[in-house]
Amino acid sequence: ARAGAEAEHARKTPIEITSRKKINADQSAYFLEHVRIQLEKKYGEDLLYKGGLKIYTTMNVNMQKAAYENVRNGLKNVDKRQGFRGPVRRLNREEVEPFCGKVERGINTKTLQEGETYQGVVIAVNPGKGELTVQVGERTGTVNQKNMSWAGKVPLLDSYGIDEKKDKKTISPGSVIEVSVIKPDKDKRGAVLALDQEPRAQAALIALDPKSGAVKAMIGGYDFRRSQFNRALQARRNPGSAFKPIIYAAALDKGMTAATIIEDSPIEYTIGPGRVWKPRNYDNKYRGNITMREALTNSINVVSIKILESIGVGYAIEYAKRLGIVSPLSPNLALALGASSVTPLELTSAYGIFAANGFKTSPYFISRVLDQENRTLEEIVPPKIPILSLMSSATGEPSEQPAYYGDETVLSAVPVVSPETSFLITNLMESVVNSGTGRRAKALGRPVAGKTGTSNDMKDAWFIGYVPQLVAGVWVGYDHERTLGASGSGGQAAAPIWTGFMLQALADEPIEAFYQPADISFLSINPHTGRLSGQEQAGSILECFLAGTEP
């Protein structure tokens with residue numbers, strides 16, 4: 001009898017067909033649009049849209065979802081630190097019902113979705129409790145004082161007819177506000193909501209497998225529906241200190257070491273008649289003689305300039321080009337501070353070379369295309385790169401050698417940096433994470449190398465970092481350049497997005513240590529002199545060197 005009742009219930013239950021495209025439409029829009037553009041150029045509209053093609057991309061769906069969520073949440077946090085801007089618009093009584101009807105038609109789910117943001121109309125205000133009743137389409141919910149606390153002391157009025165000129169931030173009946181869902185509604189009533197607002201700043205995130213070049217996730221902005229400009233691929237912005245690892249890697253190849261001493265002291269340069277450039281450190285402090293490691297860990301501008309001056313600007317530019325930087329680079333010392341604009345893809349791919357033990361690969365998005373008869377039109381096979389043995393974090397023993405990534409070579413994989421230099425710059429950037437400007441990334445609980453970047457006046461915030469199996473870069477800024485405000489540094493605006501993404505992306509990935517070449521050694525040094533010292537000597541630190549470069 002029970003089986004019969006269940007069968008009858010099943011027959012009466014309407015079948016709901018949910019399009020996979022609808023599920024992924026927002027979170028994968030920038031990625032899939034880039035794929036569409038590539039395919040349309042190659043195959044034409046007729047074959048692409050009518051030819052029954054089967055297209056396989058390099059996207060990792062879980063990583064793409066993590067990228068989407070963390071970019072949106074991170075941008076909201078950046079925006080909220082700028083303060084509440086006030087309601088989106090104000091409606092009179094007659095306009096409320098038509099507006100809510102339009103919102104309802106855009107809601108394709110039975111209940112409001114937890115974590116999603118909607119536009120709602122304030123229909124009642126309780127100034128005493130600091131509470132709002134909000135109508136979202138045909139549904140109602142409540143915003144309590146706690147869930148709007150980020151906005152500070154917002155004036156609340158319980159009647160229509162606010163004078164917009166007197167106070168643009170006042171919330172009253174008829175105010176259209178953004179709300180995010182804390183607890184979904186039941187029977188279209190009783191949702192718990194929080195005051196929200198759509199960010200004006202933008203962001204980009206791109207993540208790829210450094211050993212193959214396969215792009216695993218890409219976000220080109222906050223909302224593809226409002227802006228199709230793909231900032232991950234198309235926006236050239238100043239990387240600030242995120243460019244420094246390229247300068248430091250070039251210096252290592254010129255014979256400097258992590259223990260090389262450079263004087264952190266004020267400098268000035270004559271750059272024209274009556275014009276003097278006086279670069280300064282971010283914190284306006286000078287530390288005297290410090291090691292190259294300390295300079296990168298704490299992102300010391302003056303030392304970076306002196307390093308670039310020592311190795312030569314021309315050499316550094318050629319080195320950057322070798323790493324895949326194709327954007328024009330200004331041939332002056334400001335290059336050490338990231339004064340030349342690059343795209344997030346360029347800079348992230350360059351870091352990926354260090355993660356891949358010095359091998360340069362080509363980023364790609366499409367792995368295979370079949371026609372309607374299942375014949376292969378194109379197939380991208382990852383490059384055949386030797387995977388140098390990785391130390392197991394569990395046993396401390398190396399894995400078997402040699403191992404290979406892929407069975408055939410289709411894409412090129414070119415060794416452009418030695419494994420030793422790759423390890424040394426990686427080790428330096430591990431210090432950035434462990435004790436420097438990139439401390440937020442320590443939350444991963446595994447070996448991580450990375451670098452923050454902040455351009456002049458905090459117009460651009462960056463964090464680019466990697467583990468052995470994944471490299472990712474995040475940029476945050478306004479399309480029309482202006483400051484991100486007091487909390488707009490790379491460590492505050494970009495690093496939280498990067499860290500949140502990587503925590504989700506690597507949740508099921510094993511912890512791996514970076515490969516250490518055999519001719520790398522660790523010795524105790526005095527960090528004030530850069531010279532060798534006994535292990536027992538007070539204040540000594542363990543430093544890494546390429547054989548033959550020890551002090």
Side-chain angles (χ1 to χ4, degrees), residues 236-323 325-343 346-347 350 425 428 432 436-437 451-462 477 480-484 486 488-490 528-530:
R236 284 193 170 100
R237 301 296 290 249
N238 285 3
S241 295
F243 198 81
K244 288 176 182 175
I246 294 177
I247 305 297
Y248 280 64
L252 291 170
D253 272 353
K254 270 279 193 176
M256 289 187 176
T257 75
T260 297
I261 294 292
I262 305 101
E263 185 181 6
D264 178 23
S265 58
I267 51 175
E268 63 178 56
Y269 299 91
T270 300
I271 57 174
R275 298 175 61 206
V276 176
W277 179 44
K278 296 181 180 180
R280 59 183 180 83
N281 293 329
Y282 181 79
D283 57 6
N284 284 317
K285 295 179 181 178
Y286 298 92
R287 297 158 178 80
N289 287 343
I290 59 173
T291 63
M292 201 162 89
R293 178 180 295 276
E294 184 180 349
L296 187 62
T297 298
N298 295 299
S299 203
I300 308 301
N301 289 339
V302 167
V303 171
S304 300
I305 293 168
K306 289 183 177 180
I307 290 173
L308 178 58
E309 189 174 22
S310 175
I311 65 175
V313 173
Y315 170 74
I317 289 176
E318 289 304 312
Y319 198 92
K321 289 180 179 178
R322 196 197 314 170
L323 294 178
I325 302 297
V326 296
S327 294
L329 300 177
S330 300
N332 55 55
L333 292 176
L335 183 67
L337 308 184
S340 292
S341 297
V342 296
T343 68
E346 281 179 281
L347 202 53
I425 192 64
L428 284 171
V432 174
T437 58
K451 185 70 185 75
T452 54
T454 311
S455 68
N456 280 344
D457 300 322
M458 294 192 181
K459 293 177 181 177
D460 302 275
W462 297 73
H480 301 287
E481 295 185 26
R482 63 184 179 92
T483 183
L484 286 163
S489 68
H528 303 295
T529 65

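Quick note: numbers below take in every heavy atom, side chains included, and nothing from hydrogens, waters or symmetry partners.
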Inset, instruction - Heavy atoms only: give me the nearest D253-Y319 pair and the separation to one decimal. - result: OD2-OH, 2.9 Å
Inset, instruction - State, yes or no, whether a side-chain contact exists between N281 and V303 at a heavy-atom distance under 4.5 Å. - result: no
Legend entry - K451 to A242 - nearest heavy-atom pair and separation: CG-CA, 4.0 Å
Legend entry - Any donor-acceptor N/O pair, T257 side chain to A259 backbone, under 3.5 Å: yes
Inset, instruction - Kindly say whether A250 contributes a backbone atom to a donor-acceptor pair with the side chain of Y315 at under 3.5 angstrom? - result: yes
Legend entry - Closest non-hydrogen atom pair between V302 and P279, with its separation: CG2-O, 4.0 Å
Legend entry - Pair N238-S341, side-chain donor/acceptor within less than 3.5 Å: yes
Inset, instruction - May I ask you to check whether N301 and Y282 show a side-chain donor-acceptor distance below 3.5 Å? - result: no
Legend entry - E309 side chain to L333 backbone, donor-acceptor under 3.5 Å: no
Inset, instruction - Please answer whether the main-chain N or O of P239 pairs with a side-chain N or O of D460 as donor and acceptor at a distance below 3.5 Å. - result: no
Legend entry - E346 to V326 - nearest heavy-atom pair and separation: OE2-N, 2.6 Å
Inset, instruction - Could you tell me whether a side-chain N or O of T291 sits under 3.5 Å from a main-chain N or O of E294, the two making a donor and an acceptor? - result: yes
Inset, instruction - Please answer whether the main-chain N or O of V276 pairs with a side-chain N or O of E268 as donor and acceptor at a distance below 3.5 Å. - result: no
Legend entry - Pair K459-T454, side-chain donor/acceptor within less than 3.5 Å: no
Legend entry - Any side-chain heavy-atom pair of I290 and I262 under 4.5 Å: no
Inset, instruction - Quick one: do L308 and Y248 satisfy side-chain contact (heavy atoms from CB on, under 4.5 Å)? Show the steps, please. - result: CA-CA 8 Å; L308 178 58; Y248 280 64; over 6 Å; no
Inset, instruction - Output the distance between atom CD1 (I247) and atom CD1 (I311), rounded to the nearest 0.5 Å. - result: 5.5 Å
Legend entry - Distance-only polar pair, side chains of S327 and R236, donor-acceptor under 3.5 Å: yes
Inset, instruction - Could you tell me whether a side-chain N or O of N298 sits under 3.5 Å from a main-chain N or O of I300, the two making a donor and an acceptor? - result: no
Legend entry - Closest heavy-atom pair and its distance - S340, S330: OG-N, 2.8 Å
Inset, instruction - Take N456 and L337 through the side-chain contact (heavy atoms from CB on, under 4.5 Å) test and state the conclusion after the steps. - result: CA-CA 9 Å; N456 280 344; L337 308 184; over 6 Å; no
Legend entry - Pair N289-D264, side-chain donor/acceptor within less than 3.5 Å: no
Legend entry - Contact summary for G490 and T452, nearest pair of heavy atoms: C-CG2, 4.1 Å
Legend entry - Main-chain N/O of K306 paired with S310 side-chain donor or acceptor, under 3.5 Å: no
Inset, instruction - Before giving the answer on side-chain contact (heavy atoms from CB on, under 4.5 Å), spell out for L329 and F243 the whole-Å C-alpha distance, their side-chain angles and the decisive distance to 0.1 Å. - result: CA-CA 11 Å; L329 300 177; F243 198 81; 4.2 Å; yes
Inset, instruction - Would you check if the side chain of K278 reaches a backbone N or O of Y269 as a donor-acceptor pair within less than 3.5 Å? - result: no
Inset, instruction - Might you work through the side-chain contact (heavy atoms from CB on, under 4.5 Å) test for T529 and I261, ending with a clear yes or no? - result: CA-CA 7 Å; T529 65; I261 294 292; 5.7 Å; no
Legend entry - Separation of T297 OG1 from L428 CG (nearest 0.5 Å): 7.0 Å
Inset, instruction - Determine whether M292 and I307 make a side-chain contact, defined as any pair of heavy atoms from C-beta on separated by less than 4.5 Å. - result: yes
Legend entry - Spatial distance of atom OG (S455) from atom CH2 (W462) [nearest 0.5 Å]: 9.5 Å
